[in-house]
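Written out below as structure tokens is the structure these notes cover.
Atom set for the values below is all heavy atoms of this structure, side chains included, hydrogens, waters and symmetry mates excluded. Residues: numbered from 1 along the sequence shown.
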Amino acid sequence: MIDGLITPALRDIDYLAPAAPYPVIPSGTTVHQKTIYRYSIPTDEQPILSIVDNITDYNGNFIKPGHYQLALSNDKEFLYLIESKNLIAVIPVFKISENKKELKKYYKNTKKLTKEEKKEQKKLQKKEKLQAIIDTKYAKTGATPPKEYEYMDATIEYIKEGGYYLLMYEKGFIRAWGAIKARIE
């Protein structure tokens, strides 16, 4: 050091960062700006949709034949067509159906419960306690407990009168329908 000056070799790396010739992220997008994070789905377990023909829209874009995951957005307004964790299409939902009996099991009621509902709630609590005990036993051995089966289905059908593809998403007790307007040559 000469007269209290710091030599360039001893400078802090943060001091040199703004003058770096290349950006820190080469593509300019961070990890959380990718489509898998922006349009995130609740789980990786989604129904599989098999598309047999090319689906072409009026702008010349197309979806190739193949196997895709069909996922419902958290706000239940869109269906996501996903291939290998890459978002292929966003399809608006025009109809959604939920089974009211199943909704009572999953969402807590704020109203006063009847005697039958209290009995059902106690049965569910006992079942949950037993499941927690089974899960802890599996955790001690290092094995993963078997998952309960949840019905999933995804179908696509061409409607000739309207010239569109009708998609039906079904997972558990939720059903949603979406449509893709297609150009048929």
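- Side chains of I82 and I88 form no contact here, defined as non-hydrogen atoms less than 4.5 Å apart.
- Counting side-chain heavy-atom gaps under 4.5 Å among Ile, Leu, Val, Met, Phe, Trp and Tyr, the cluster of L166 also holds F94, I159, Y164, M168, W177.
- At a threshold of 4.5 Å between non-hydrogen side-chain atoms, the residues T155 and L167 do not count as touching.
- Of the possible polar contacts, one joining the K181 side chain to the G162 backbone as a donor-acceptor pair under 3.5 Å is found.
- A salt bridge is absent between K171 and E45: the closest approach of a Lys/Arg side-chain nitrogen to an acidic carboxylate oxygen does not fall below 4.0 angstrom.
- At least one side-chain heavy atom of I96 sits less than 4.5 Å from a side-chain heavy atom of L72.
- Although no hydrogens or angles enter the test, the distance criterion places a donor-acceptor pair under 3.5 Å between the side chain of S73 and the main chain of F78.
- Listed here is the closest heavy atom pair of I48 and Q69: CD1-CG, 3.8 Å.
- Taking the side chain as every heavy atom from C-beta outward, Y169 and V93 never approach each other to under 4.5 Å.
- Separating the CD1 atom in I174 from the CE atom in M152 is a distance of 13.0 Å, to the nearest 0.5 Å.
- Among V52, I55, D53, the single residue meeting the side-chain contact (heavy atoms from CB on, under 4.5 Å) criterion with I156 is I55.
- The minimum heavy-atom distance linking G163 with Y158 is given by the pair CA-OH, 3.5 Å.
- Using a 4.5 Å heavy-atom threshold, the side chains of N61 and T56 count as separate.
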